Asker: 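Quick one: structure below, then a few questions.
Lettering follows sequence order; numbering is per chain, from 1. Nothing here was measured: the structure is a model prediction, and the numbers come from that model.
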Amino acid sequence: MPTSGKDRYTPATQSIAYLQQASRYALFWTVDMVRALIEQLVSSALQQLQEQGIFSAEHSLSFQVERPRDKNHGDFACNAAMVLAKSARLPPRQLAEKILAALPVGQTAVERCEIAGPGFINFYLTAQTLRSLIRTIEQQGEQFGRSQMAAGRRIQVEFVSANPTGPMHLGHGRGAVNGDAIVRLLQAIGCVVEREYYINDAGAQTLVLGRSVLIRYHELFGQQWPMPEGCYPGDYVRDIAIALRDAQGARWLTPDLPAEAPPEVVDFAIARCLEWIRDDLQLLNIPFDTWFSERSLHQEGLIQHAIIQLEEKGLIYEGVLQPPKGKLPDDWEARPQRLFRSTLFGDEVDRALQKSDGSYTYFAADIAYHLHKAERGFDSLINIWGADHGGYIKRVQSALAALSGRKDLLEVRLVQMVNLFRAGQPVRMSKRAGTFVTLREVVEEVGADAVRFWFLLRSSGSSLDFDLELAMAKTNDNPVFYVQYAHARVHSLLRRLHERELPDIPASDQHLQLLCAEAELELLSLLSRYPEVVEQAALEKEPQKIPYYLLELAAAFHTYYNGYKILDEDPDLRAARLALVKACGQVIANGLTLLGVNAPEQM
RNA sequence: GCACGGUUAGCUCAGUUGGAUAGAGCGUUGGCCUCCGAAGCCAAAGGUCAUUGGUUCGAAUCCAAUACCGUGUACCA
């Protein structure tokens, strides 16, 4: 039986006869049907060979039907002859000959098959089969490429979760765009996805923010205090202070700098930062379903709830950690702490739950948070974190495994850092020198589409160079324009059609027969791969596969456009080519939508 | 030291159930508009897939060591 696809494609349960029947009566073949047919054909051939005694009965006849990388190798390729050569005690190519001879004949979708390379059997689809794809795309429209393969699966994606202590920077933006794209991809295969933002509105950093604001606030009234070590010097702190003064006047003035800012000031500052963050996310068109407050964990006693559960499992103890190996921090001292036995779950050391002042660590809150997520009944949880948080993965997964018993519930995906460039020169960023570039400034300069596309073009696992100049370029240098331009060209053709008052005739099956140039069949073949690309990108949570596919499709489209006249004098040919071109436009639009990038009709 | 990520063309990077002659853009060189948008197309040159070994019909891909780069490395978030 075929092992290709496994649960990823329509199982090849239909009989060959059924599929042949379907091809005769249905308007079109879907890619899944073709794949299923080919798997059936090969299976049937292998069975016949087994009856002939080429294989003994106990040999499992597994093989794969795959998409060849090189277009010269046909539409599908089968590796059966190579995988089974040993069992058959035949050289791969000889076995391939026998398989080929045993393939059932007379079906309509496959034009020809041939042996190539070390023993691949390549299948070339008929032009008719490829053309029918236009019907699929016409019928499914913006649904083309979407599926229900993971229908009903409930997934939560937590991403961004930038601290509300300042404006978002480029790294946050990358995480935001990446998370958003993963959500869209999962939705495209039928998952029910919830987007969540975890607000770190408790803890020391918020107090530092409050204190920094308070100092700037007093400056507005003529009171100068030096900014203490560790406080935030950025200009935005002054903006918050001004807003505080404008909203609440002088009521927070004090003769001396208090050790802690009043809670109202802290809350005001946090609220202000959150407002900026929401605005920035909106600018990038990234919505959230839930904004989850860390503070609520403390207030509702959920941290105790989580710790009690760990205690009941005997996973908490009072202890002293060994000093870390390698470079020792200057102020390291042995101190007894309340520790969680994360080493039992694969972590390197046990982790502290309470600080020396008795308050809970960030980790303790994170345990409670993730327990809460687990209790909300998701099938899986995905966190998108910056690479600098990589060290926390094991401990959070340990805690979740301890509490939920589900080891694979949480998947953490790290997004590497972003380096900012302008015309090839690195843009040095320093908070102190005031040369820090915020996400908002970049989005406003180059536009949300360019920012999104660039961030999605690179796999999240490698660091990314973002060049402001390139992102704005309106040439081939800029991939987002290249793709959008292809889409705009499609609509430009439709506008020209209208201007010349030519009829927009729907292409008949006979019209489509005129599509037989190599460039046309290649374009069709490329279009047929789109649903598989979406599926793969979603399953692997690797959005970059979509931009790369779109670049390939756009390139093929531009080549076609340059080589052939779409608005031909011959109305039949014109109708056929327009149908193909519209299908391209549809798929480009679908792909861009999946990335949250606009598909403009005019540029 | 340890953990995680990375190393593919001059530059920036794609390349996952292991697959055929390893790809794209930029840059370089040379071509294509009396014609639907040249914001485009075509062609050429450019490679020890960091190194070494292993697994097998087959390795950039899997495994093991090594080298170099990045991030993190008690109580911060």
Asker: Between A:Arg495 and A:Glu601, does any side-chain N to carboxylate O distance fall below 4.0 Å?
Answerer: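 Salt bridge absent between A:Arg495 and A:Glu601.
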
Asker: Which nucleotide wins on minimum distance to the side chain of A:Ser356, given the candidates B:U17, B:U16, B:C75?
Answerer: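 Of the options given, the side chain of A:Ser356 lies nearest B:C75.
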
Asker: Can you measure from OG (A:Ser87) to CG (A:Leu95) and round to the nearest 0.5 angstrom?
Answerer: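 Rounded to the nearest 0.5 Å, the OG-CG separation comes out at 9.0 Å.
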
Asker: Regarding A:Val83, tell me which of base, sugar-phosphate or nothing describes its non-hydrogen contacts under 4.0 Å with the strands shown.
Answerer: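 Base contact - A:Val83 has a heavy atom under 4.0 Å of at least one base atom.
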
Asker: With a 4.0 Å cut-off on heavy atoms, is A:Ser463 in touch with a base, just the backbone sugar-phosphate, or nothing at all?
Answerer: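 Sugar-phosphate, backbone atoms only, no base.
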
Asker: Using the ring of each side chain (for Trp, its six-membered ring), is A:Tyr360 parallel, tilted or perpendicular to A:His298, with breaks at 30° and 60°?
Answerer: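 If you compare the ring of A:Tyr360 with that of A:His298, the planes turn out tilted.
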
Asker: Could you tell me how the ring of A:Phe340 sits relative to the ring of A:Phe345: parallel (under 30°), tilted (30 to 60°) or perpendicular (over 60°)?
Answerer: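 A:Phe340 and A:Phe345: parallel rings.
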
Asker: Tell me which residues in residues 360-370 of chain A lie within less than 4.0 Å of RNA chain B, going by non-hydrogen atoms.
Answerer: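 The answer is A:Thr361, A:Tyr362.
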
Asker: Using the rule for Phe, Tyr, His and the six-membered ring of Trp, do A:Tyr561 and B:G40 stack at under 5.5 Å and under 30°?
Answerer: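 Given the distance and angle limits, no, they do not stack.
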
Asker: Could you work out which one of B:G40, B:A3, B:C36 sits closest to the side chain of A:His558?
Answerer: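 Output: B:G40.
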
Asker: Could you tell me whether A:Arg67 sits above the aromatic face of A:Phe76, with NZ or CZ closer than 6.0 angstrom to the six-membered ring centre and within 45 degrees of the axis?
Answerer: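 Pair A:Arg67/A:Phe76 counts as cation-pi.
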
Asker: For A:Leu321, which contact category applies under a 4.0 Å heavy-atom criterion: base, sugar-phosphate, or nothing?
Answerer: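 Answer is sugar-phosphate: A:Leu321 comes under 4.0 Å of backbone atoms only.
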
Asker: Centroid distance below 5.5 Å plus an interplanar angle below 30 degrees: do A:His73 and B:A20 meet both conditions?
Answerer: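 Yes.
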
Asker: Within less than 4.0 Å of OP1 or OP2 of B:U16, is there a side-chain N or O belonging to A:Lys545?
Answerer: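 It does, given that an N or O in the side chain of A:Lys545 lies less than 4.0 Å from OP1 or OP2 of B:U16.
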
Asker: Considering only heavy atoms and no angle criterion, is a donor-acceptor pair shorter than 3.5 Å present between the side chain of A:Arg458 and the base of B:C13?
Answerer: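 By the distance-only test, no, there is no pair.
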
Asker: How many whole angstroms separate atom CZ of A:Arg338 from atom C1' of B:A74?
Answerer: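 Between C1' of B:A74 and CZ of A:Arg338: 18 Å.
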
Asker: Are the side chain of A:Arg452 and the backbone N or O of A:Leu595 linked by a donor-acceptor pair below 3.5 Å?
Answerer: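 Checked: pair present.
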
Asker: Quick one: list whatever passes salt bridge (charged side-chain N to carboxylate O under 4.0 Å, His left out) with A:Glu469, sequence neighbours left out.
Answerer: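 For A:Glu469, no residue satisfies salt bridge (charged side-chain N to carboxylate O under 4.0 Å, His left out) once neighbours in sequence are set aside.
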
Asker: Looking across every strand, which nucleic acid part, if any, lies under 4.0 Å from A:Arg67 by heavy atom: base, sugar-phosphate, or nothing?
Answerer: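 Here A:Arg67 touches no strand at all.
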
Asker: Roughly how many Å apart are B:A38 and B:C33, using the P atom of each and rounding to a whole number?
Answerer: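 The same atom, P, in both gives a distance of 12 Å.
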
Asker: Using the P atoms only, state how far B:G23 lies from B:G47, rounded to an integer number of Å.
Answerer: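 Comparing P positions in B:G47 and B:G23 gives a spacing of 14 Å.
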
Asker: Take atom CZ of A:Arg69 and atom C1' of B:A24, then tell me their distance rounded to the nearest Å.
Answerer: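 Going from CZ in A:Arg69 over to C1' in B:A24 covers 14 Å.
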
Asker: Name the closest nucleotide to the A:Lys355 side chain, picking from B:G19, B:C76, B:G40.
Answerer: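 Selected nucleotide: B:C76.
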
Asker: Near RNA chain B, which residues from residues 477-484 of chain A have a heavy atom under 4.0 Å away?
Answerer: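 When residues 477-484 of chain A is checked for heavy atoms under 4.0 Å from RNA chain B, the hits, listed by number, are A:Asp477, A:Tyr482.
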
Asker: For B:U61 and B:U16, measure between their C1' atoms and round to the nearest Å.
Answerer: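 To the nearest whole Å, 8 Å.
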
Asker: When all nucleic acid strands are considered with a 4.0 Å heavy-atom cut-off, which category describes A:Asp465: base, sugar-phosphate, or nothing?
Answerer: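 Since only primed, P, OP1 and OP2 atoms lie under 4.0 Å of A:Asp465, the category is sugar-phosphate.
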
Asker: Give a yes/no on whether any side-chain N or O of A:Arg93 is located under 4.0 angstrom from OP1 or OP2 of B:G58.
Answerer: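 Answer is no, no contact under 4.0 Å.
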
Asker: When we call it a touch if two heavy atoms are under 4.0 Å apart, what does A:Gly461 touch: a base, just sugar-phosphate, or nothing?
Answerer: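 Touches sugar-phosphate only.
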
Asker: On a whole-Å scale, what distance lies between the P atoms belonging to B:A65 and B:G46?
Answerer: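 Pairwise P distance, B:A65 against B:G46, rounds to 38 Å.
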
Asker: Can you tell me how the ring of A:His172 sits relative to the ring of A:His169, calling it parallel under 30°, perpendicular over 60° and tilted otherwise?
Answerer: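 Answer is parallel, since the angle falls under 30°.
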
Asker: Let's go through A:Arg211 and A:Glu260 carefully: what are the C-alpha distance in whole Å and the side-chain angles of both, what is the deciding distance for side-chain contact (heavy atoms from CB on, under 4.5 Å) to 0.1 Å, and is it a yes or a no?
Answerer: CA-CA 6 Å; A:Arg211 204 166 142 92; A:Glu260 265 188 25; over 6 Å; no

Asker: Knowing that exactly one of A:Ile546, A:Leu553, A:Leu550, A:Leu526 qualifies, which makes a side chain to side chain contact (heavy atoms under 4.5 Å, CB included) with A:Val533?
Answerer: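 Going through A:Ile546, A:Leu553, A:Leu550, A:Leu526 one by one, the side chain to side chain contact (heavy atoms under 4.5 Å, CB included) with A:Val533 is satisfied by A:Ile546 alone.
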
Asker: Classify A:Tyr564 by what it touches in the nucleic acid, base, sugar-phosphate, or nothing, heavy-atom distance under 4.0 Å.
Answerer: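 Base contact.
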
Asker: Find out whether A:Tyr530 and A:Tyr549 are in side-chain contact, i.e. whether some heavy atom of one side chain is under 4.5 Å from a heavy atom of the other.
Answerer: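 In short, these two side chains touch, coming nearer than 4.5 Å.
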
Asker: Taking donor-acceptor contacts at under 3.5 Å, does the side chain of A:Arg335 reach the base of B:A74?
Answerer: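 Answer yes: a donor N or O sits under 3.5 Å from an acceptor.
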
Asker: Any salt bridge linking A:Glu542 with A:Arg413? Criterion: basic side-chain nitrogen under 4.0 Å from a carboxylate oxygen.
Answerer: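 Yes, this pair counts.
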
Asker: With a non-hydrogen cut-off below 4.0 angstrom, is A:Ser462 in contact with a base, only sugar-phosphate, or nothing?
Answerer: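 Sugar-phosphate, no base atom in range.
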
Asker: Test your reading of the model: is there a side-chain donor-acceptor pair from A:Asn122 to the backbone of A:Cys113, 3.5 Å cut-off?
Answerer: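 Absent.
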
Asker: Mind checking the C1' distance from B:G40 to B:A22? Whole angstroms is fine.
Answerer: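 So the two C1' atoms sit 28 Å from each other.
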
Asker: Would you kindly give the CE-to-P distance between A:Met82 and B:A20, to the nearest whole Å?
Answerer: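 For the pair A:Met82 CE and B:A20 P, the rounded distance is 9 Å.
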
Asker: Within the structure shown, what part of the strands sits under 4.0 Å from A:Ala77 by heavy-atom distance: base, sugar-phosphate, or nothing?
Answerer: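 The answer is base, as A:Ala77 lies within the cut-off (heavy atoms under 4.0 Å) of a base atom.
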
Asker: Do A:Asn562 and B:G40 share a donor-acceptor pair, side chain to base, under 3.5 Å?
Answerer: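 When only heavy-atom distances are counted, A:Asn562 does reach the base of B:G40 through a donor-acceptor pair under 3.5 Å.
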
Asker: Measure the distance from CZ on A:Phe455 to C1' on B:C13 and round it to the nearest whole Å.
Answerer: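 After rounding, the reported distance stands at 16 Å.
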
Asker: Quickly work out the A:Lys86 NZ to B:U55 P distance and round it to whole Å.
Answerer: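 Value for this atom pair: 12 Å.
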
Asker: Please work out if A:Tyr548 contacts a base, only the sugar-phosphate, or nothing of the nucleic acid, heavy-atom cut-off 4.0 Å.
Answerer: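 Sugar-phosphate: the residue A:Tyr548, judged by heavy atoms under 4.0 Å, touches backbone atoms but no base.
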
Asker: At 4.0 Å (heavy atoms only), tell me whether A:Glu569 reaches a base, stays on the sugar-phosphate, or touches nothing.
Answerer: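 A:Glu569: no heavy atom of the nucleic acid under 4.0 Å.
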
Asker: Counting the atoms with a prime plus P, OP1 and OP2 as sugar-phosphate, which does A:Ala387 contact under 4.0 Å by heavy atoms, base, sugar-phosphate, or nothing?
Answerer: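 Sugar-phosphate, no base atom in range.
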
Asker: Which of these nucleotides, B:G19, B:C36, B:A3, is closest to any side-chain atom of A:Glu348?
Answerer: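 Taking heavy atoms from C-beta onward, the closest nucleotide is B:A3.
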
Asker: For the pair made of CD in A:Gln544 and P in B:C13, what is the distance, rounded to whole Å?
Answerer: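 Whole-Å distance recorded here is 13 Å.
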
Asker: Under 4.0 angstrom, heavy atoms only, what part of the nucleic acid is A:Glu333 near: base, sugar-phosphate, or nothing?
Answerer: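 If one applies the 4.0 Å heavy-atom cut-off, A:Glu333 turns out to touch a base.
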
Asker: Quick one: label A:Pro91 by what it contacts on the DNA or RNA (base, sugar-phosphate, nothing), any heavy atom closer than 4.0 Å.
Answerer: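 A:Pro91: no heavy atom of the nucleic acid under 4.0 Å.
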
Asker: Classify the side chain of A:Asn122 and the base of B:A20 as holding, or not holding, a donor-acceptor pair under 3.5 Å.
Answerer: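 Donor-acceptor pair under 3.5 Å: yes.
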
